[in-house]
Number of protein chains: 2
Amino acid sequence: MKGIRQLADYLEISIGTVSRALNGKPDVNEETRRRVLEAAEKLGYVANQSGRSLRQGTTNVIGLMTGSDAQTVENSDNFFMGVTDGLQSVFSAHNLDLIVLPCPGDEDPDEYLKRMVARRIVDAMIISSTRRIDKRIDFLKQTRLPFVTLGRTSSSADHAWIDLDFEEVAYSAVNRLAAAGHRTIAVAAPDSDVNLGYVFMEGYRRGLEENGIVYDPSLVIRAKSSEQGGYHAASEWLQMRPRPTALVLIYEMMALGLYRRLAEVGLKPGRDLAVIGFRDGPRGQFLEPRLTSFRMSLHDLGVTVAQTLLSTMPAYAPFYPDQARDCIWPMQLVPGESDPAPAVAASLPAGRQSL
Amino acid sequence: MKGIRQLADYLEISIGTVSRALNGKPDVNEETRRRVLEAAEKLGYVANQSGRSLRQGTTNVIGLMTGSDAQTVENSDNFFMGVTDGLQSVFSAHNLDLIVLPCPGDEDPDEYLKRMVARRIVDAMIISSTRRIDKRIDFLKQTRLPFVTLGRTSSSADHAWIDLDFEEVAYSAVNRLAAAGHRTIAVAAPDSDVNLGYVFMEGYRRGLEENGIVYDPSLVIRAKSSEQGGYHAASEWLQMRPRPTALVLIYEMMALGLYRRLAEVGLKPGRDLAVIGFRDGPRGQFLEPRLTSFRMSLHDLGVTVAQTLLSTMPAYAPFYPDQARDCIWPMQLVPGESDPAPAVAASLPAGRQSL
DNA sequence: CTGAAAGCGCTTACAG
DNA sequence: CTGAAAGCGCTTACAG
């Protein structure tokens with residue numbers, strides 16, 4: 001089966017009618033439509049997307065651009081794969097296909113995005129790993145390609161976005177630790193300029209403030225959002241005097257490295273240090289002690305991202321009349337075993353830092 | 001900037017010349033070419049892919065289809081993200097773009113593939129998570145779309161493929177454990193019909209055989225390739241009488257659940273049970289005890305997959321004249337702390353199974 | 001309800 | 001070396 005021409009010849013009708021029948025246009029005889037659909041199915045005909053796109057000016061494809069930095073590649077921890085399913089459940093209802101556009105590690109994300117947009121292979125874009133000031137935003141606005149960002153920016157007032165509630169997570173983590181009696185609460189935050197780092201720190205500071213704890217910059221550990229970063233953060237913590245009794249992590253996988261580092265010096269998370277991670281997931285759940293973290297549905301997040309995006313596209317907006325243009329995605333605390341009261345930690349001797 | 005027409009008008013030359021200049025065709029005045037490239041850069045012109053594709057019959061896009069099953073989504077553990085970079089480093093040299101096609105969880109992979117292929121959005125496909133008998137292979141051969149599989153099938157004789165050396169990994173894991181004195185060696189294998197499960201089991205049995213150990217089907221634990229599956233496998237192991245002193249895992253993330261389950265009953269991997277995982281990665285490295293596993297470069301794997309694929313495409317084959325059509329990807333043992341001799345494990349009392 | 005025809009944005013023989 | 005023209009596979013006003 002080559003194209004619509006062959007199908008039309010086979011049916012002995014014109015290609016126009018075939019096209020109308022296939023695309024569910026009105027004013028097609030029901031019997032004709034049935035024959036066309038049947039023949040298309042039988043001969044395995046599916047419209048060539050290039051032909052459609054060229055004529056219609058739309059590709060019916062939505063792009064999800066994922067980060068290129070080693071950080072994202074190594075540690076996105078299937079975050080995107082989980083979101084993907086939610087996205088597709090919405091898109092497929094409109095016959096839109098989702099493709100993932102992975103920016104190569106050695107290519108500038110701004111350039112990559114430009115190239116993808118210019119080639120017109122997608123009708124709209126979802127971009128993630130937003131930085132505080134993200135050039136991609138201005139570029140997308142200028143090209144008038146519909147888009148939504150997974151993550152805020154400093155200029156979020158004028159575009160559609162969804163972001164996890166980093167602020168609230170940090171805030172309630174600190175709050176919970178303070179309520180349990182912790183007074184020296186460290187935080188492991190990103191060493192890059194991703195926007196979420198700033199938001200997270202705001203929540204951390206608000207938490208401290210509300211509990212009458214003075215913010216101490218020396219308790220902010222800058223680390224990679226990875227297992228290695230967690231290992232590093234633990235090493236930093238071991239050097240601190242006095243050692244904070246609690247530590248809030250921006251990324252749950254850091255816990256793995258942290259747990260290991262503590263074990264190496266005979267210390268145990270949940271006993272010698274209270275730890276709260278970020279996203280609840282299989283990794284944290286099976287740690288011993290189980291990591292206290294925050295739950296969310298990746299699928300539902302994907303659904304909302306998709307709906308938000310579609311609501312900005314004229315052709316689909318009518319389906320989502322009440323969709324908000326932005327959304328802070330809530331997360332629910334899931335108590336684990338890693339953040340008890342500071343009793344034990346505080347009573348530890350300080351003399352083991354040489355380990 | 002709309003299209004080639006505008007660019008040509010701006011330069012006051014014909015669109016044919018613009019196209020030839022842009023595409024590096026010979027027989028273009030160098031001065032003209034320079035002017036065209038300069039103007040394109042200045043005005044941000046990039047050819048509309050639909051126009052090109054329709055005319056040329058190629059899209060310059062390679063698709064990587066990733067699995068849809070919950071297993072793959074939750075646990076691919078960034079395997080694909082790592083491979084992606086290697087793929088792109090090869091493709092970009094030919095101006096090919098890689099897109100990831102994530103099959104939705106609720107769609108049949110065979111149907112999804114058919115749809116993507118029929119729409120002609122890619123020139124070639126990389127498919128993964130191959131099953132023993134995989135309908136996608138026959139389909140792709142029939143459509144004559146170039147493809148390579150990441151994973152073997154039972155019909156691998158007649159298509160290009162690359163696969164990790166599951167056989168050798170299982171074999172050398174068993175060999176190493178036997179050399180350390182283990183005689184009852186259990187294995188955690190997939191409960192699905194992915195092809196790698198069969199290959200892995202072959203290596204396991206060969207390892208036993210060469211060490212004069214009789215294969216005992218009751219030591220084969222069927223489990224999901226996930227943290228949860230590892231937790232489950234550990235529970236199964238706890239029930240066994242006598243308990244095997246060693247366990248080989250098909251997937252390294254299972255170790256997390258396994259470690260947790262053992263900890264819950266006061267047992268410790270590397271002391272009460274020797275464990276060897278699969279792929280060496282940040283997850284396993286930071287476990288305590290560090291997981292003995294096998295190292296490989298995801299990037300290099302991606303490079304080889306890309307080269308193998310291109311060597312099957314007439315337009316690119318000349319660049320890769322000596323490329324093999326298939327390849328078993330080697331992995332190197334990285335000793336960890338999780339698989340000591342059986343001394344301690346064997347001497348344990350058998351009476352704790354009620355835990 | 002259907003057919004004939006235009007045209008989306010390109011690339012590429014073909015003439016000159 | 002360049003231009004004019006055909007045509008890739010579709011969809012969609014327009015006629016009838």
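Computed from a predicted structure; not experimentally measured. Numbers restart at 1 for each chain; the letters A, B, ... are given by sequence-line order, proteins then strands.
Nearer to the 5' terminus of DNA chain C, by closest-nucleotide assignment, is the contact made by Arg33(A) (compared with the other of Ser53(A) and Arg33(A)).
Side-chain N/O atoms of Tyr45(A) include none lying less than 4.0 angstrom from OP1 or OP2 on dG9(D). At dT2(C), none of the side-chain N or O atoms of Thr17(A) fall inside 4.0 Å of OP1 or OP2 (strictly under the cut-off). Considering only side-chain N and O atoms, Gln56(B) lies under 4.0 angstrom from the phosphate OP1 or OP2 of dT12(C).
Remark: P of dT12(D) and CD1 of Ile4(A) are 11 Å apart, rounded to the nearest angstrom. With rounding to whole Å, Leu22(B) atom CG is found 13 Å from dT12(C) atom P. For the pair Asn60(B) CG and dC10(C) P, the interatomic distance rounds to 14 Å; values are reported in whole Å. Rounded to whole angstrom, the span from the CG atom of Leu7(B) across to the C1' atom of dC10(C) amounts to 13 Å. Rounded to an integer number of Å, the gap from Arg5(B) CZ to dA5(D) P is 11 Å. With rounding to whole Å, Glu12(B) atom CD is found 21 Å from dC1(D) atom P. The nearest whole Å value for the distance from the CZ atom in Arg52(B) to the P atom in dG9(D) is 17 Å. The CD1-P distance, from Ile15(B) to dC1(D), rounds to 21 Å in whole Å.
Around the CG atom of Leu37(B), the shell of radius 6.0 Å holds more than 12 heavy atoms that belong to other residues, nucleotides or ligands.
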Using nucleotides 13-16 of chain C, report all nitrogen or oxygen pairs with the protein that are shorter than 3.5 Å.
from, atom 1, to, atom 2, distance (Å)
dA13(C), N6, Arg20(B), NH1, 3.2

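Of the residues in residues 23-31 of chain B, those with a non-hydrogen atom less than 4.0 angstrom from any atom of DNA chain C are Asn23(B), Lys25(B).
Residue Asp134(A) forms a side chain to side chain donor-acceptor pair (under 3.5 Å) with just one option from Arg136(A), Arg131(A), Arg132(A), and that option is Arg136(A). The residue from Thr308(A), Val303(A), Leu309(A), Leu301(A) that alone fulfils the side-chain contact (heavy atoms from CB on, under 4.5 Å) condition with Val305(A) is Leu301(A). Evaluated for a side-chain contact (heavy atoms from CB on, under 4.5 Å) with Thr143(B), the options Leu113(B), Asp138(B), Val117(B) yield exactly one hit, Val117(B).
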Report the C-alpha separation of Ser53(A) and Gln49(A) in whole Å, then their side-chain angles, then the decisive distance to 0.1 Å, and conclude whether the side chain to side chain donor-acceptor pair (under 3.5 Å) test is met.
CA-CA 6 Å; Ser53(A) 300; Gln49(A) 188 57 45; 3.1 Å; yes
Begin with the C-alpha distance, continue with both residues' side-chain angles, and end with the deciding distance and a verdict on side chain to side chain contact (heavy atoms under 4.5 Å, CB included) for Leu101(A) and Ile99(A).
CA-CA 6 Å; Leu101(A) 301 171; Ile99(A) 67 173; 3.7 Å; yes
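Expressed to the nearest 0.5 Å, how far OG of Ser129(B) lies from CZ of Phe79(B) amounts to 9.0 Å. Expressed to the nearest 0.5 Å, how far NZ of Lys135(B) lies from CG of Leu140(B) amounts to 13.5 Å. Interatomic distance, CD1 of Ile13(A) versus CZ of Arg35(A), reported as 6.0 Å (0.5 Å rounding).
Within the nucleic acid shown, Ser50(B) has no heavy atom closer than 4.0 Å to any nucleic acid atom.
Not counting sequence neighbours, the partners of Asp9(A) by the salt bridge (Lys or Arg N to Asp or Glu O under 4.0 Å) test are Arg5(A). Every residue two or more places apart in sequence or in another chain that forms a salt bridge (Lys or Arg N to Asp or Glu O under 4.0 Å) with Asp158(B) is listed here: Lys141(B). In this view, Glu31(B) and Arg34(B) satisfy the salt bridge (Lys or Arg N to Asp or Glu O under 4.0 Å) rule, not counting sequence neighbours.
Pairing analysis of DNA chain C (Watson-Crick: purine N1 to pyrimidine N3 plus N6-O4 or O6-N4; G-U wobble: N1-O2 and O6-N3; both under 3.5 Å) yields stems of 3 or more pairs at C:1-3 with D:14-16, C:5-12 with D:5-12, C:14-16 with D:1-3.
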